[in-house]
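What follows is a short report on a single structure.
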Amino acid sequence: MTDKIPQDIKTEMEKLVQELNYHNYRYYVLDEPAISDAEYDRMYRSLKELEEKYNHILPDSPTQRVGAPPLEKFRKVRHAEPMLSLDNAFSFDELREFDKRVKKLLGSGKDVEYTVEPKYDGLAMEITYRKGLLLRASTRGDGAEGEDVTHNIRTVKAVPLKIEGERVPEEIDIRGEVYIDLDDFERLNKQRTEAGEQPFANPRNAAAGSVRQLDPAVTASRRLYLACYGIGSVKGISFRSQEELVAWLAEARFPTPATFSAVSGIEKVISAITDIAEKRGSYTFETDGAVVKVNDFGLQQRLGVKTREPRWAIAYKFRAHQGVTRVLDIQGSVGRTGVITPFAVFEPVRIGGVTVSRSTLHNWDEIERKDIRKGDTVVVERAGDVIPHVISVDQSRRPGGSAKVVMPDKCPACGSRVVREEGEVAARCVSLHCPAQVVEKIIHFASRGGMDIEGLGEKNVELLYLRGLIKHFEDIYRLRKEQLLELPRFADKSAQNLISAIERSKHTTLARFLFALGIIHVGEFAARLLARNFENLKRLYHVSPEVLMNIRQMGEKIASSLTTFFNDKKNLDLLDVMVRELGLRIENPDYAQKKGEKGPLRGLTFVITGSMPRPRKEVEELIEESGGHVSSAVSGSTDYLVAGEDPGSKLAKAKGLGVKTISYDSLLKLIHAKKEEHPRLF
Ligand code: IVH
C-alpha cells in the first residue's frame, strides 16, 4: 500500500504523528501543554482521515492507542531478566546499617554514591521496545513471568509509542510503575460507588485493577500514569549509572521519578529522603517510601542479588499518613448479621491526598478504652489503604460538658431492641425484619465473592429495596428490565447490563452460593470447605453437627450455625425456589474425591480449537467440571474436537482420524443430555 501514497501525503502523515506524539508528551509527561485541546483534536482528526483514506497507519501513530478488541485471557510473558523486589528499612539507623553492608561488601571505607527517588505505590511493569517501537508490555507477576498487557498499556498516554532522541537501542526492557493520581482515584471510587460497584481499597489496587482488564477500553477510560526507574535486558546501548539511565529515559521521553537526586554518603541520602517526606503531601500520587540505589552500575554488579532482592538497593518506608480533625458524631451501622458497629463522622480532612470524613471505631469496647467522645479532637491515621483509624484523642481540647458514648439500646435502623451477649464485644439487633440487615444481606449476596453480580452494589441495592423491588435476595432473580427503567439511576444500557449480569450469575458454584447465603460464620473458606466435602446442595439438607464436625478444619461455631440454617424448613423452601423456579444452576467443581468420576462427560477426552463464544479457559473448566478431560493435541484417543471459528490444523487432523467434531453449542447440549440421563445435581 505504502508505495501508492503520494510522497507529500506520506510526509504530512509523518509530520502529524510526530507533532501529536510531541504534544502528547508535553501534556502527559511534562505537564506543560503547548497547544489547546481543540488544536490537538483537529490534528488528530486530520491524521485519522488520512489514515483511512490511504489505508496506511504508521507504527507509532497515536490513533493506535485505543480500539484493540477485548482479550479472552492474558498471555504469559517471561521476563528476560527477573523483576526483583526490594528489602525495606523502617528507620534511618536501618539505612545506616545498609550503607555499612554495602561498604563492607565493596571492601572500601569511602562514601558510596546513592540515588534517591520516591517509591511509587502502583503496579510494576516491563515495557519492551524493539528498534525504538513499543513491542510488548507485561506485569511483574511472580518476578519471572508476568501477563501480557500490551493493549492496555498502549492506552496509557504517558507511555511513549516510540523512543525519541539520538540514542535508540536495538532492544530494551524499560521498568517502571503504573499508577493512578490520588484525585483520579477519589473520582473513580466516587463513580464506582454511585454505580453500585465496590470501590477500590487503595490507589495501588485501582491501578492494578485497571491494567489487568481484558477489555482495553476499560483501561483507556481510567487515567493512568507511568514513572520509569530502571531497565531489564538491553541491547545496543549501555549506561554507567542510575543517574545516566534516568537522564537518558527523560531524553527518550519516558516519564521519570518526580524527585531524583544522586548524593554521596548515607547522611546525604537521609536528608534527600527527608526532603521527599516533606514533599509527600504535595505529590499528586501515593508514595509510601523512598528507594535508595547504589548509583554506579559497575558497583551494583559487584554487589549482586540475594534471592530476590538486590544488595544494592533498599526501600525506606514512611510512617502512615496522619491528620488531626474533630469528631462531629458517633453513630452505629447495622451489618447483615445485626451487629451494630460504631463509626465516627469527622470534619472532612485531607490525609495524604485523600479526603477522610469517617472511620470505623470497631466496637463499643474500643470507644470506651480510647474514651472517644463527640466533639473530641483526634489524630487519624491512614495506612496504605484508604480506611482510616483513630489513633488517639487530644484530651486537652475536649469541649466542656461532653459525655461518654454509650452503646445504643435501640437499633439505629429499625428501633428494635439491641442485645449484647455475655462475653461478646458485639452489640446486635435481633429483629428479623431490620431493613439494614436485609439490605446488607442482599449486598453480600451479590458481592464479588458471592454471586458476583456486577452493578449490584450498595447504592443500587438500597434503591431497589426502598422501591420495594427486592425484599429478599431471591427477588433479584425476579427483576425485570422494565422495572429498572422506571428508576432514576437506570437508562436502557445500564438496565440491560444489570439484567445480563443477574442472568450470568445464575450459573454458579456451590462454594460461591454457600458464601452468598450469608450464613453466620460461613465465610469464603468455610464455604469452600463444605463444597469440597458435599457433592451438591441437597446433601447439606438436614445435615447434623456430628457429620460436620468430622470434617477437618470445621469448627464448632460454623457447624452449629450451619445446622441451624439447614434444619429450618423456611430456608430449605427458599433454596428449592431458587433452584427450581428461578433457574439457578449450581455446579460443584470443588468436590474433591469424586471429581471426574461422576460427571456427565466422565471418561471422555476433548480437544478445543478455533475461537469459542466463551473464553477458552471457561470452556475448559466447563468440560473438566463435567468430568471430561481436556487435551491439547488431537490423537486416536480423542473423543470430540470442539471446533469454533478459524479452527486451524487440528480440524483436518481430527477428520483424518475420524474424530467427531462438534460446536460449542453441541457441547452444551451433550452435557445437558447426559445430565438428563443421570441427574446428578438437582
Ligand atoms: S526499583 C531492584 N524504584 O517497588 C529494583 N522500584 O518493593 C526494584 N517501586 O517491584 C525496583 N517505585 O514495583 C524501584 N522508584 C522505584 C520504585 C520501585 C516503586 C516498586 C516496584 C518494585 C517494588 C519493590
Side-chain angles (χ1 to χ4, degrees), residues 79-90 94-95 98 101-102 114-127 137-147 149 153 156 158 173-182 202-208 210-212 224-234 239 241-243 245-247 249-250 254-263 269 272-273 275-277 279-280 283-297 299-318 384:
H79 303 298
E81 299 275 345
M83 290 181 79
L84 303 171
S85 53
L86 288 170
D87 197 3
N88 291 320
F90 294 96
E94 283 179 35
L95 274 182
F98 161 75
R101 279 199 302 277
V102 167
Y114 294 104
T115 58
V116 184
E117 2 176 311
K119 184 167 193 296
Y120 284 76
D121 207 10
L123 181 70
M125 295 295 308
E126 174 163 276
I127 314 180
S138 53
T139 60
R140 175 175 183 275
D142 62 5
E145 198 176 71
E147 287 175 326
V149 288
I153 289 306
V156 176
D173 288 341
I174 307 283
R175 304 262 173 96
E177 199 89 349
V178 173
Y179 64 92
I180 184 165
D181 268 347
L182 288 157
N202 52 45
R204 182 183 53 246
N205 286 6
S210 304
V211 171
R212 296 195 61 258
L224 298 172
Y225 287 91
L226 175 76
C228 297
Y229 48 66
I231 47 171
S233 144
V234 54
F239 306 101
S241 65
Q242 177 71 2
E243 201 177 6
L245 167 67
V246 170
L249 285 169
F254 287 95
T256 50
T259 312
F260 181 85
S261 43
V263 294
V269 165
I273 292 179
D275 183 44
I276 292 180
K279 289 204 179 98
R280 190 179 175 202
Y283 285 142
T284 55
F285 53 89
E286 175 93 330
T287 165
D288 60 347
V291 182
V292 179
K293 299 171 188 169
V294 169
N295 191 19
D296 189 291
F297 282 175
L299 296 184
Q300 286 189 5
Q301 194 86 43
R302 274 175 54 198
L303 288 161
V305 173
K306 61 163 191 241
T307 356
R308 307 178 67 186
E309 293 152 359
R311 289 198 191 86
W312 45 263
I314 196 158
Y316 174 82
K317 287 300 203 59
F318 294 141

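One-based numbering, in listed order, for ligands and for the atoms of each. When a residue number appears, it is its place in the shown sequence, counting from 1. Any value given below was found using the heavy atoms of this structure, including those in side chains, with hydrogens, waters and symmetry copies removed.
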For this session: For ligand 1, note which part of Leu86 has a heavy atom under 4.0 Å away: side chain, backbone, both or neither.
Result: both
For this session: With the side chain counted from C-beta on, respond yes when Ser138 and His79 share a heavy-atom pair under 4.5 Å apart, and no when they do not.
Result: yes
Exercise. Among Phe260, Tyr120, Trp312, Tyr179, which one has a heavy atom closest to atom 19 (C) of ligand 1?
Worked result: Tyr120
For this session: Ignoring hydrogens and angles, state whether a donor on the side chain of Glu286 or Tyr179 is under 3.5 Å from an acceptor on the partner side chain.
Result: no
Exercise. With a 4.0 Å cut-off on heavy atoms, is Ala315 touching ligand 1?
Worked result: no
Seminar exercise, completed: Counting heavy atoms under 4.0 Å, the part of Pro118 that contacts ligand 1 is backbone
Problem set entry | Aromatic centroids of Tyr120 and Phe285 separated by under 6.0 Å | yes
Seminar exercise, completed: re atom 23 (C) of ligand 1, the protein heavy-atom contact at minimum distance is Lys119 NZ, 4.0 Å
Exercise. To which protein heavy atom is atom 21 (C) of ligand 1 closest, and what is the distance rounded to 0.1 Å?
Worked result: Tyr229 OH, 3.0 Å
For this session: Quick one: look at Glu177 and ligand 1, take heavy-atom pairs under 4.0 Å, and tell me if it's side chain, backbone, both or neither.
Result: side chain
For this session: Record the part of Lys293 in heavy-atom contact with ligand 1 below 4.0 Å; permitted values are side chain, backbone, both and neither.
Result: side chain
For this session: Measure from the side-chain N and O atoms of Asn295 to the backbone N and O of Glu243, and report whether any donor-acceptor pair falls under 3.5 Å.
Result: yes
Problem set entry | Sub-4.0 Å atoms of ligand 1 with respect to non-hydrogen atoms of Glu117 | 3 (N), 15 (N), 16 (C)
For this session: For Arg101, look at atom CZ and say whether over 12 heavy atoms of other residues, nucleotides or ligands are found less than 6.0 Å away.
Result: yes
Exercise. Are Gln242 and Glu117 close enough that a side-chain donor and a side-chain acceptor fall under 3.5 Å?
Worked result: yes
For this session: Would you confirm whether Arg280, through its side chain, and Thr287, through its main-chain N or O, come within 3.5 Å as a donor-acceptor pair?
Result: yes
For this session: Taking only heavy atoms of Pro310 into account, list the atoms of ligand 1 that are under 4.0 Å away from them.
Result: 2 (C)
